[in-house]
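Here is the structure we will look at.
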Amino acid sequence: MSPKSVQKIAKVFIWGGGAITVAVLLGIILYVLIQGLPSVNMEFLITPPKGGLSGEGGISTATVGTLYLLGITLAILLIPGIGAGIYLAEYARDNRPTRMVRYAVETLAGVPSIVFGLFGFALFVTALHFNFSILSGALTLVCLLLPTLIRTTEEAIRAVPRSYREASLAMGASKWQTIRHVVLPAAMPGIVTGIILCAGRIVEETACLYVTMGGSAAMPTSLLKGGRTLSLHLYYLAMDTNAFDKAMGTGAVLIIIIIIINAVTNLLSQRFQAKMRGG
Amino acid sequence: MPSHVVVDRTAKHVVLICASASFVILGAIFIFTMREGAPALQEIGLYNFLLGTEWRPGQEMFGILPMTVGSILVTLGSMVLAIPIGLACAILLAEVASFRVRRLLRPAVELLVGIPSVVYGLVGMLLIVPAVREIGGSGFSILAASLVLTAMVLPTIISISEDSLRAVPKGYKEAALAMGATQWQMIWHVQVPAARSGIMAGIVLGMGRAIGETMAMIMVIGNSPIIPTSPLSQGRTLTGNIAVEIMYASGIHRSALFSTGVILFLIILVLNTVATFALRRGLKAHHVA
Amino acid sequence: MDPKMQTRHLDFYYGENQVLKRVSLNMKERQITAMIGPSGCGKSTLLRVLNRMNEVIPDTRLQGEVLLDGNDIYASGVDVVEVRKRVGMVFQQPNPFPKTIYENIVFGPKMLGRRDKAYLNETVERSLRAAALWDEIKDDLSKSGLALSGGQQQRLCIARALAIEPEVILMDEPCSALDPVSTLKIEELMQELKKQYTIVIVTHNMQQAARVSDWAGFLLMGELVEYAETNEIFSRPQDKRTEDYITGRFG
Ligand SMILES: Nc1ncnc2c1ncn2[C@@H]1O[C@H](COP(=O)(O)OP(=O)(O)OP(=O)(O)O)[C@@H](O)[C@H]1O
Ligand SMILES: [Mg+2]
């Protein structure tokens with residue numbers, strides 16, 4: 001075969017790969033939206049699900065559960081996550097403790113969700129007697145998300161030009177003042193992007209919550225009550241009931257949330273890059 | 001001591017404590033799963049646990065070989081399609097596509113990461129399982145699971161491969177083109193070999209994601225703890241084994257599930273180490289060049 | 001008159017690499033001292049040592065003394081913040097913060113604990129006037145510092161350094177990123193500033209050193225080869241190496 005014809009075949013292969021990827025994505029999104037949106041209406045959004053083996057009702061408690069879990073998880077996660085990011089970017093020297101922390105962050109990032117679930121189940125649910133609850137779920141998620149937030153924070157801080165730090169230090173600002181008043185504000189859009197990324201993971205995560213939150217369909221009235229997120233709700237509907245239309249409706253809501261989160265993340269990170277280029 | 005010095009020291013210690021949290025958590029996960037899993041391993045014996053072909057908790061039989069085989073099969077199955085598609089898409093993004101195409105394609109890849117695994121599972125149940133049923137069996141199968149996983153690991157393979165293809169120095173590429181190579185010859189004989197380590201890392205991390213996937217697998221694989229004999233037969237993954245049974249397990253059964261977690265943990269550890277190694281080697285290669 | 005700043009037998013190392021060798025130098029009060037020398041000879045390093053900015057870089061070592069009004073700024077118990085407050089610095093690349101012009105200038109005072117509005121407002125005007133920037137941007141104080149032209153940004157950085165009322169101002173090639181017109185403005189500004197401040201400037205540009213400075217020192221591979229009044233050093237250099245350098249027969 002001549003190089004020319006090989007080149008032609010290769011083009012088909014390369015563009016084919018891209019086309020399949022887009023087709024898979026569009027296929028999933030359109031399928032879920034077309035099948036799911038008809039069951040999404042006001043009533044669906046504000047009625048609580050029946051729970052158990054019944055597929056009836058809406059998604060109100062699952063929505064509240066998702067938001068509740070989101071709030072608690074982020075509240076616990078932010079300080080250790082951002083703090084560790086600051087440490088790695090600003091303080092860490094290349095020594096043994098630093099390498100151990102980096103190794104831990106890298107390894108944790110790859111540990112499967114269900115293993116975090118097992119851990120949360122053993123520690124929070126059982127040993128600490130938080131039982132199946134929002135709190136157990138949130139603490140498990142914190143462990144799962146810590147590496148993500150640490151990495152994005154570290155990257156955002158590293159992207160801040162060194163000249164900002166030098167200017168601040170040269171004016172007599174202390175190291176912490178420099179971090180607090182110059183570096184963090186400049187890195188903020190990047191850090192916020194990381195936080196939104198974590199929010200997205202909280203919405204989509206299921207396995208580790210399945211074994212720590214209990215899945216009650218009732219309204220979660222306290223931290224120590226069980227509950228379910230939208231993703232968990234979808235799972236229960238699909239596996240325990242025949243209400244595939246409701247499952248699809250929940251899926252459509254999830255897809256819309258994820259699309260919004262992704263759009264916001266992209267917008268923010270574009271802004272951040274423009275800012276770091278001095279725009 | 002001036003007050004700013006005190007604030008500075010305190011801040012440094014606070015962020016140091018934050019940083020050690022990851023290490024503590026990693027250690028705690030390892031210790032907790034090990035401790036909970038140890039009784040089962042003692043009772044059953046490592047050999048019977050790893051190579052036992054029967055998982056029947058009611059009869060105190062705890063062999064996880066069916067699940068290990070299930071996990072490996074769906075992972076390899078997904079790679080069959082995901083590697084060529086992912087590599088093609090990565091080449092497209094890194095080298096071939098115009099700026100505008102890239103601007104559409106990249107967010108699409110990112111969105112694939114964001115879709116919840118239960119949504120993949122649901123689509124798999126309603127579209128892929130019935131389609132597989134047409135070929136034979138119940139449809140809940142290794143094949144269906146592999147197809148669902150393909151979509152889920154694509155973004156990992158694409159984004160890491162793209163990064164490493166991009167990192168290939170311009171000089172190499174231009175040298176090849178200047179010698180009259182076609183664009184494809186340049187890509188296939190220069191760029192892809194130079195990015196080999198990074199592409200390997202992407203594939204290995206994709207395998208890690210596949211092995212770790214839980215909910216989507218439960219939804220399409222059928223969850224029978226048997227060693228699959230064909231792509232159409234049902235199976236169960238290591239992850240699914242834990243999720244399906246942990247809620248009601250007790251005693252040695254519960255412990256055996258934790259041991260399953262330990263095995264999973266170790267597999268991921270090995271895969272990640274391989275990936276990190278490959279990525280480092282890739283970086284080094286370019287620095288020398 | 002005693003010198004404002006002084007280095008005595010200064011040695012400085014990055015790791016094992018010694019980049020300053022027994023440098024002894026007097027910087028007279030309200031005069032401009034210029035340091036010249038080929039690239040990599042240690043000019044920036046010397047400047048950073050004068051307000052302890054070298055301490056930001058890990059794995060460095062210093063021997064000898066650096067005196068400010070006769071007191072060693074490296075003596076134990078000396079607060080680095082106090083040193084940097086008295087010895088300000090302007091960098092080669094203009095580096096305003098991505099904040100408003102106003103916030104850029106009040107940053108230093110705020111970090112040093114000044115909070116009252118009246119003082120801060122007054123400081124902004126005083127510093128911008130001193131940096132010859134007030135008339136150009138007094139109506140744009142809430143604009144981003146990054147929105148200014150390069151020359152304006154550099155004068156903003158000078159104003160920012162002036163806001164903490166330093167006694168000495170260090171300038172590391174402050175004009176090398178600027179066009180000729182902006183360069184001229186900054187040179188004029190330096191003549192104004194020297195009425196009140198002691199200035200040390202590093203420059204690659206021999207004409208600039210000759211134009212603006214009162215004293216000049218020639219550094220070569222970390223060694224202070226010659227140090228004298230500017231017209232002396234440019235008209236009657238004592239050392240062959242200095243002569244070679246300023247007549248352009250060198251590197
Ligand atoms: N952060 C650093 N770490 C290690 N070595 C350094 C560092 N900064 C500078 N050096 C070395 O110290 C020597 C002096 O550097 P310095 O920046 O002081 O030179 P300079 O005279 O300002 O040069 P230029 O005119 O190019 O700015 C150089 O050989 C340089 O390689
Ligand atoms: Mg320099």
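What's counted below: heavy atoms across the whole structure, side chains too, no hydrogens, waters or symmetry copies. Every chain is numbered from 1, with letters handed out A, B, ... down the list of sequences. Quantities reported herein were computed from a predicted structural model and do not represent experimental measurements.
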Completion exercise
Turns out that what part of Val262(B) lies under 4.5 Å from chain A's heavy atoms comes down to neither
Practice task
Mark yes when over 12 heavy atoms from residues, nucleotides or ligands other than Arg102(B) sit less than 6.0 Å from its CZ; otherwise mark no.
Solution key: yes
Handout entry: Non-hydrogen side-chain atoms of Arg9(B) and Trp176(A) separated by less than 4.5 Å
Key = no
Handout entry: Heavy-atom closest contact (Ile85(B) atom, Gly17(A) atom, distance)
Key = CG2-O, 3.7 Å
Practice task
Kindly determine whether Glu106(A) and Thr276(B) satisfy side chain to side chain contact (heavy atoms under 4.5 Å, CB included), including the steps that lead there.
Solution key: CA-CA 9 Å; Glu106(A) 273 169 30; Thr276(B) 313; 3.7 Å; yes
Practice task
Measure the CG-CG distance between Leu108(A) and Leu26(B) for me, rounded to the nearest 0.5 Å.
Solution key: 4.5 Å
Handout entry: Under 4.5 Å from a heavy atom of chain A, the part of Thr150(B) involved
Key = neither
Practice task
Measure Thr33(B) against the heavy atoms of chain A and call it side chain, backbone, both or neither at under 4.5 Å.
Solution key: side chain
Exercise for the section: Please state whether the side chain, the backbone, both or neither of Leu123(A) comes within less than 4.5 Å of a heavy atom of chain B. Expected result: both
Practice task
Answer whether the closest heavy-atom distance between the side chains of Leu126(B) and Met248(A) falls below 4.5 Å.
Solution key: yes
Handout entry: Winner by heavy-atom pair count (cut-off under 4.5 Å) against chain A, out of Pro107(B), Ala21(B), Ala243(B)
Key = Ala243(B)
Exercise for the section: Please state whether the side chain, the backbone, both or neither of Ile218(B) comes within less than 4.5 Å of a heavy atom of chain A. Expected result: both
Exercise for the section: Would you mind checking which part of Arg106(B) comes under 4.5 Å of any heavy atom in chain A, side chain (CB onward), backbone (N, CA, C, O), both or neither? Expected result: neither
Fill in the blank from the handout: Of all heavy-atom pairs linking Cys89(B) and Thr21(A), the shortest is SG-OG1, 3.5 Å
